[in-house]
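Every chain is numbered from 1 and lettered A, B, ... according to where its sequence line falls, protein lines coming before strand lines. In what follows, every heavy atom counts, from backbone to side chain, and hydrogens, waters and symmetry copies are set aside.
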Protein chains: 2
Amino acid sequence: MREELRARLRDSGLRLTPQRELILDAVQHLGHATPDEVLAHVRTTSSAVNLSTVYRTLEVLEDVGLIRHAHLADRAPTYHAVTDHEHFHLVCRNCGRTISVDTHVARGFAARLRELHGFEADLPHLTVFGTCCAADPSDHPDHPDPDPGSHA
Amino acid sequence: MREELRARLRDSGLRLTPQRELILDAVQHLGHATPDEVLAHVRTTSSAVNLSTVYRTLEVLEDVGLIRHAHLADRAPTYHAVTDHEHFHLVCRNCGRTISVDTHVARGFAARLRELHGFEADLPHLTVFGTCCAADPSDHPDHPDPDPGSHA
DNA sequence: TTCCATGCAAACACTTTGCACCGTG
DNA sequence: CACGGTGCAAAGTGTTTGCATGGAA
């Protein structure tokens with residue numbers, strides 16, 4: 001993996017650094033993580049890295065195509081490795097849970113947008129808000145209110 | 001319309017104020033507007049209103065069901081009146097344009113999510129990023145880079 | 001006359017930037 | 001040893017909050 005990373009970076013004239021390796025590892029390990037969570041994880045596995053480095057590195061890793069991001073809540077971009085199978089997200093406003101769905105489920109929808117509007121949807125970036133159950137947030141204490149506002 | 005607003009507010013034990021009227025008018029007039037744009041518009045049609053009042057009022061208007069919001073760019077909630085026909089949005093990363101699409105186009109997609117995951121999608125809140133053309137941003141100078149990052 | 005709403009300013013959370021030093025290639 | 005990367009601290013955005021005053025019902 002390190003060599004894959006090194007190669008991708010080199011192709012863009014960029015360098016492999018321990019921080020970039022650590023941050024990529026963190027993203028791969030965490031699944032869907034915010035910059036803050038990435039930082040927290042890196043700090044457990046190793047010495048400190050600066051928050052601004054995390055931001056800059058996540059951008060670089062996305063540029064070279066190794067990670068992607070989606071907006072699972074109003075103020076929280078989350079990053080995940082592209083090696084995961086292609087998926088998009090459903091976010092429940094009641095219980096706060098996030099469901100990953102294979103992009104093939106949205107293929108028909110994407111085809112329709114293509115026909116009607118000549119629009120090529122970026123499915124892996126898609127996040128659909130809604131409700132998966134009637135339970136209230138207290139059932140999932142870890143997931144505070146994602147994107148409220150919408151006349152829930 | 002003022003009476004509709006007054007009624008909705010009263011039902012929640014809230015009051016009709018000139019600011020609330022002005023802000024609702026602005027949202028209806030602008031179509032899709034950010035809090036800043038709403039403020040700017042209110043200021044052209046009338047005396048000043050405070051930004052924090054705009055935020056608080058947009059929240060209230062959404063709570064009573066008169067407006068809704070969607071995320072057309074990374075850090076930019078835009079509000080629109082619910083009286084518009086139900087629609088969701090396509091945002092092109094190349095030209096920056098926003099396309100409104102009737103929610104019935106996504107009905108099949110929503111049905112699939114319901115079957116597979118028991119998930120009820122909030123279609124009017126949906127925003128799909130992608131590309132509608134090969135043109136670069138310079139073609140639409142008014143629309144700066146919506147949600148970049150995603151390995152464009 | 002009672003609360004709700006507003007304005008103002010400060011506080012906030014998140015992200016970006018400038019700059020000097022460090023380290024990869 | 002050149003140039004890209006990092007850390008640190010400061011500056012930005014966009015949004016929220018506390019509090020005293022103002023106004024709708």
Ring centres of A/His87 and A/His80 under 6.0 Å apart? yes
Between B/His71 and A/His71 (judged by ring centroids, cut-off 6.0 Å), do the two rings come close enough to count as a pair? no
How long is the line joining [atom1] of [X] and [atom2] of [N], in whole Å?
X       : N      : atom1 : atom2 : value
B/Arg56 : D/dC19 : CZ    : C1'   : 11 Å
B/His71 : D/dT15 : NE2   : C1'   : 13 Å
A/Tyr55 : D/dG5  : OH    : C1'   : 19 Å
A/Leu51 : D/dG7  : CG    : P     : 11 Å
A/Asp63 : D/dG5  : CG    : P     : 11 Å

Does this structure show an ion pair linking A/Glu59 with A/Arg56, if we count only N-O contacts that are shorter than 4.0 Å? no
Qualifying residue, where the test is side-chain contact (heavy atoms from CB on, under 4.5 Å) with A/Val27 and the options are A/Leu22, A/Val42, A/Leu66, A/Ile67: A/Ile67
Hey, where on DNA chain C does chain A first and last touch, going 5' to 3'? Cut-off is any atom under 4.0 Å from a heavy atom. C/dC14 to C/dG25
Between A/Thr34 and A/Asp36, does any side-chain donor sit less than 3.5 Å from a side-chain acceptor? no
Do the side-chain N and O atoms of B/His89 and B/His32 include a donor-acceptor pair separated by under 3.5 angstrom? yes
Check for a donor-acceptor pair, side chain of A/Glu120 on one end and backbone N or O of B/Cys132 on the other, with a separation under 3.5 Å. no
In numerical order, the residues of residues 6-25 of chain A whose heavy atoms come under 4.0 Å of DNA chain C are A/Arg6, A/Arg15, A/Leu16
Check every strand shown and say whether B/Val60 touches a base, only sugar-phosphate, or nothing at a heavy-atom separation below 4.0 Å. nothing
Counting the atoms with a prime plus P, OP1 and OP2 as sugar-phosphate, which does B/Ser52 contact under 4.0 Å by heavy atoms, base, sugar-phosphate, or nothing? base
Heavy-atom closest pair (B/His85 atom, B/Asp102 atom, distance to 0.1 Å) is CD2-OD2, 3.1 Å
